[in-house]
Number of protein chains: 2
Amino acid sequence: MSLSEPIVNQTLAVQAFDKLVNAIVRGELEPGARISEVQVAQRLGISRGPLREALGRLEGKLVQRTPHVGVQVISLSRADLVELFVMREALEGMACRLAATAMSEKDLDDLQRLLDAHGTREGVRRGTGYYQHGSDDDFHFCIVRGSRNRKLAAFLGDDLYHQLRVYRYRSSLAPGRAQAAFAEHCAIVEALRARDPDRAEAAMRQHIANARSNLQWRDEGTAATVTRIGAPRHGS
Amino acid sequence: MSLSEPIVNQTLAVQAFDKLVNAIVRGELEPGARISEVQVAQRLGISRGPLREALGRLEGKLVQRTPHVGVQVISLSRADLVELFVMREALEGMACRLAATAMSEKDLDDLQRLLDAHGTREGVRRGTGYYQHGSDDDFHFCIVRGSRNRKLAAFLGDDLYHQLRVYRYRSSLAPGRAQAAFAEHCAIVEALRARDPDRAEAAMRQHIANARSNLQWRDEGTAATVTRIGAPRHGS
DNA sequence: GCTTTGTCATCTGTTGACAGTCGTCAAGTG
DNA sequence: CACTTGACGACTGTCAACAGATGACAAAGC
């Protein structure tokens, strides 16, 4: 029993928030699925109060509310996904630019090791299992952290990546995309090692732009056919 | 009484949310100010439930919570503000790039009129009252909307701009900055009219970078001296 | 048979009350 | 006098119950 570790009796609302994020990101709650407050509250063993607070914090990110009707998991169209990738391109490009001067040599070594580990892995050579298993996320998040911009890292890590992760499992890779992505990662690291901000930003933006144009839709049109509950909210 | 307009009986939580955003942005609640739930709930004439939901939605944006202690208006350090400007540079630069091809001729005409109106106004010539009165926001938001990227516009308009607005009233302009900003706006519109994405993005990024390096702190160190309530949250 | 209208079950929005925690202040101890 | 300890007040976190709205279904009218 370590006394250096403080007792973390986190609020029920925070715990519910984490559980919900996990459930949605892992696909246990499918996009478009309706969430019944009483049902979920019972399953989590809490009352509706904390759950509502957690749902409120998720609103606009992973969940959308319709007054007097209910809450449902966000359901992004292909166009929405493209829009998110555009934001990624802008923000991660900037993060990579900053990282080129802000990352320490040790950070760069860690990043290099991450890249080497990817290169020797089965999935990359076989052209699959790179994006799917989160290795790609690790690489990107490592650079984002390296930008030393906390606001930027927080937004990408807590908001954007979560939304994208919801749809990862239903996006497949074009043939040879994994190898190309790996090569692009190498180019990025090279630019970072050279401490060249312009080249680093350009390489990252190119990488994400390529990923965007390679977006496949395993289940084309799903988002449009998912039952929309209620009417669109009046007013703005 | 127009029948085409539906009856909007918005939820109390939504109303409270809007009221809070207004109060914080307009400076009625100062940065770092503590918010008592019962007190604010009484003043708004609602119970604590909807208020808590509204506060939850504000968390991380305009407000920060400390478990068992309370809620206080965010208090950004100068470094935080710089970080937000870096994000602005990346996102608005991208927005401007997209706008260069996405904006219609009519959009461009509207933007031109907005710019002309600014140019003839007293404030710009006298070197003040440009940023302070929201004219600058109009210009930028007009371009952001012109990008036709709803996710991007939503994030900038609902999250980033609100946070920046909290601190607008305490940032003053360096001498001659207003005129320089106006000239930069002109350059941006020119690039947009030329339908040149590269130049448009570069111009916008330069403009925001200039604004960032001209950030003045009317009340240097305020954020640091504001009483921090409670201890920093354990974990995470 | 199709449309319209009335009713009902179910869910969300809201409330008020209870329990637990934190910070403060005063009393006690060395 | 400095420090620790205990109790108090105020606040937040949580809950269970009430009120209002919604969507679906069945009955009535054309």
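Model, not experiment: these values are computed from the prediction. Just the heavy atoms: all of them, side chains too, but no hydrogens, waters or symmetry mates, feed the values below. Every chain is numbered from 1 and lettered A, B, ... according to where its sequence line falls, protein lines coming before strand lines.
With rounding to the nearest 0.5 angstrom, the CG atom of A/Leu160 is 8.0 Å from the CZ atom of A/Arg88.
Note on A/Gly49: nothing from the nucleic acid sits closer than 4.0 angstrom, heavy atoms only. Using a 4.0 Å heavy-atom cutoff across all strands shown, B/Leu55 reaches no nucleic acid atom at all. Here A/Leu51 lies out of heavy-atom contact (under 4.0 Å) with every strand.
Residue B/Arg34 contributes atom CZ, which lies 8 Å from atom C1' of D/dC11 at whole-angstrom precision. Between A/Glu53 atom CD and C/dT14 atom P there is a gap of 15 Å when expressed in whole angstrom units. Distance, A/Ile35 CD1 to C/dG13 C1': 17 Å, rounded to whole Å. Residue A/Gln72 contributes atom CD, which lies 17 Å from atom P of D/dT22 at whole-angstrom precision. Here the C1' atom of nucleotide D/dG13 and the CZ atom of A/Phe17 are 18 Å apart, to the nearest Å. In this entry the distance linking CD of B/Glu37 with P of D/dT12 reads 5 Å, nearest Å. A/Ile46 has its CD1 atom 7 Å from the P atom of D/dC15, to the nearest Å.
Side chain of B/Arg65, nearest nucleotide from D/dG13, D/dT14, D/dT22: D/dG13. Distances from the side chain of A/His68 to the nucleotides D/dC15, D/dT12, D/dT22 place D/dT22 closest. Taking only side-chain atoms of A/Arg48, from C-beta outward, the nucleotide of C/dG23, C/dT14, D/dG13 with the closest atom is C/dT14. Proximity note for A/Ser36 (side chain, C-beta onward) versus C/dG23, C/dT12, C/dG16: the nearest is C/dT12.
Within a 6.0 Å radius of NZ in B/Lys61, more than 12 heavy atoms belonging to other residues, nucleotides or ligands are found.
No option in A/Arg145, A/Arg148, A/Arg113 other than A/Arg148 meets the salt bridge (charged side-chain N to carboxylate O under 4.0 Å, His left out) test with A/Asp107.
Here B/Arg52 does not reach the OP1 or OP2 of D/dT12: none of its side-chain N or O atoms lies under 4.0 Å away.
B/Met103 and B/Cys142 get closest at one heavy-atom pair: CE-O, 4.3 Å. Across all their heavy atoms, A/Glu37 and A/Arg65 have their closest contact at OE2-NH2, 3.6 Å.
Toward the 5' end of DNA chain D, the nearer of the two residues A/Leu12 and B/Gln39, judged by each one's closest nucleotide, is B/Gln39.
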